[in-house]
Amino acid sequence: MKFYRAYFSTEHLMHRRQRSEILSQLEVQISFLRKSAALYDSGDFEEARRLSSTIHIICYDKGRTVSLLSQLGFKSSIMLPCSRRHIESVFMAGSAILKVPMVVERLGPLLCMKKNDADGIHCANNFEGVENFPRVRFEVWWKDIIWRHPEGELTRESLILSMRDQDGGSHYDGQLNDSGYNRLARLGDDRVTLHNGKPSIWTHGAGPGKPLMNGHHASVRQIAFELDEALKALNL
């Protein structure tokens, strides 16, 4: 029996990757991240789904799944720019009307810009002034609540996992399990609407008009931007 086990052992077929191989794969994933981001910025909003899969490979740890950042020992030291906290700090300093900080939290890391089209309001990303964004450690950034609604909330982690695992990033499920993601992705945010031809913010609940759409796409794009800026700081 011992001979039988030895004869059929697959240990000799296994390969423990060298650090250089893992680093090379991180560089490949970063190239995917930047290509998808460029396509998104050219108007292909569905590219956010591929971004979610790439972000997952770079960042996500659970059980036997170990991220590239963790395999390389970067996760404990990487500092990531936090768009939401930057916008919030600007508004808290008194440069905007009181209702806007509420909007910052509900719309996540993405919105201090909105643009109109015939279909309603769509999100535009905030890349300016990144040098002034507060930098936070990975776990703070990953678990930060970026959007709240009476029907649910999203962190960066839950947004990436929902899009990647259930909504076409790497798999497409028959149902969406996260109530916050379901609300934002399928129904939009009914507290920011196109009303009488203008973007309108409703601070006390749903407002009339067409709701904000593609917030889930734009949030993933903003998360990709934040991650890329942190990777650039590591000369990657």
Side-chain angles (χ1 to χ4, degrees), residues 12-86 108-110 124-144 146 154-172 216-236:
H12 66 290
L13 300 176
M14 296 179 183
H15 170 65
R16 183 172 293 278
R17 298 189 193 277
Q18 300 296 312
R19 180 179 175 83
S20 59
E21 294 178 89
I22 301 170
L23 185 58
S24 177
Q25 181 57 211
L26 177 59
E27 291 169 351
V28 169
Q29 295 299 323
I30 291 171
S31 74
F32 291 163
L33 186 82
R34 292 170 181 166
K35 288 173 184 176
S36 290
L39 287 170
Y40 182 98
D41 293 344
S42 71
D44 187 358
F45 294 156
E46 292 297 334
E47 200 67 28
R49 302 185 196 279
R50 275 200 277 223
L51 281 172
S52 71
S53 184
T54 302
I55 293 167
H56 185 278
I57 292 170
I58 295 173
C59 294
Y60 185 67
D61 289 306
K62 186 174 182 180
R64 297 178 66 182
T65 300
V66 183
S67 68
L68 290 173
L69 289 181
S70 289
Q71 291 183 61
L72 291 164
F74 292 151
K75 187 174 271 192
S76 61
S77 59
I78 192 170
M79 300 295 288
L80 296 111
C82 185
S83 308
R84 184 183 68 80
R85 294 183 181 213
H86 167 66
L110 62 141
N125 290 93
N126 171 40
F127 301 148
E128 295 182 5
V130 65
E131 64 278 1
N132 297 318
F133 289 14
R135 303 260 168 168
V136 298
R137 294 198 177 276
F138 180 86
E139 286 302 318
V140 175
W141 177 80
W142 193 232
K143 304 288 187 182
D144 195 26
I146 57 172
L154 289 168
T155 63
R156 287 176 178 83
E157 179 183 35
S158 64
L159 173 60
I160 294 300
L161 291 183
S162 290
M163 186 176 288
R164 185 261 184 189
D165 293 347
Q166 295 193 311
D167 202 20
S170 293
H171 186 70
Y172 194 82
H216 60 316
H217 290 153
S219 289
V220 170
R221 174 64 184 97
Q222 190 72 24
I223 291 167
F225 168 75
E226 294 172 329
L227 177 59
D228 194 25
E229 287 296 309
L231 293 167
K232 288 175 183 176
L234 297 176
N235 297 315
L236 293 167

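Between G169 and S52, the closest heavy-atom pair is CA-OG, 3.7 Å. Annotation for S170 and S53: closest pair OG-OG, 2.9 Å, computed over non-hydrogen atoms. Closest approach of S77 to G73, counting heavy atoms only: OG-O, 4.2 Å.
Between the side chains of H56 and E157, no donor-acceptor pair is found at a separation under 3.5 Å. There is a side-chain donor-acceptor pair under 3.5 Å between Q25 and Q29.
The closest side-chain heavy-atom distance from I223 to W141 is below 4.5 Å. Under the 4.5 Å side-chain criterion, counting only non-hydrogen atoms from C-beta, L227 is in contact with C59. Contact annotation: the side chain of L80 never approaches that of R135 to less than 4.5 Å [non-hydrogen atoms, C-beta and beyond]. When side chains are defined from C-beta on, R156 does not count as touching K143, because their heavy atoms never get closer than 4.5 Å. Residues E226 and E229 fail the side-chain proximity criterion, which asks for heavy atoms closer than 4.5 Å. Contact annotation: the side chain of F138 never approaches that of F74 to less than 4.5 Å [non-hydrogen atoms, C-beta and beyond].
At distances below 3.5 Å, not a single donor-acceptor pair connects side-chain atoms of R221 with backbone N or O atoms of Y40. The main-chain N or O of D61 is never found under 3.5 Å from a side-chain atom of T65 such that the two would form a donor-acceptor pair. No side-chain donor-acceptor contact under 3.5 Å links R137 to the backbone of M79. S158 places a side-chain N or O within 3.5 Å of a backbone atom of T155 that can act as its donor or acceptor partner.
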Take I57 and F32, measure what side chain to side chain contact (heavy atoms under 4.5 Å, CB included) needs, and give me the verdict at the end. CA-CA 11 Å; I57 292 170; F32 291 163; over 6 Å; no

Kindly determine whether H171 and Q166 satisfy side chain to side chain contact (heavy atoms under 4.5 Å, CB included), including the steps that lead there. CA-CA 6 Å; H171 186 70; Q166 295 193 311; over 6 Å; no

With side chain to side chain contact (heavy atoms under 4.5 Å, CB included) as the criterion, how do H15 and E21 come out once you've worked through the C-alpha distance, each side chain's angles and the decisive distance to 0.1 Å? CA-CA 11 Å; H15 170 65; E21 294 178 89; 3.0 Å; yes

Step by step, would you call R19 with Q71 a side chain to side chain contact (heavy atoms under 4.5 Å, CB included)? CA-CA 8 Å; R19 180 179 175 83; Q71 291 183 61; over 6 Å; no

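Partners of R50 by salt bridge (charged side-chain N to carboxylate O under 4.0 Å, His left out), not counting sequence neighbours, listed by chain and number: E47.
With values rounded to the nearest 0.5 angstrom, E46 atom CD is found 12.5 Å from S36 atom OG. Separating the CD1 atom in I58 from the CG atom in L69 is a distance of 7.0 Å, to the nearest 0.5 Å. Separation of atoms CZ (R164) and OG1 (T54) is listed at 10.5 Å; rounding is to 0.5 Å. Atom CZ of F45 is separated from atom NE2 of H216 by 11.0 Å, given to the nearest 0.5 angstrom. Interatomic distance, D44 CG to L39 CG, rounded to the nearest 0.5 Å: 6.0 Å. A distance of 10.0 Å separates NZ in K75 from CG in L68, rounded to the nearest 0.5 Å.
A side chain to side chain contact (heavy atoms under 4.5 Å, CB included) with M163 holds for exactly one of I55, V220, L51; it is V220.
The aromatic rings of F225 and F133 sit perpendicular to each other, their planes meeting at more than 60°, with 30° as the lower class boundary.
The environment of R34 atom CZ is dense: over 12 non-hydrogen atoms of other residues, nucleotides or ligands sit within 6.0 angstrom.
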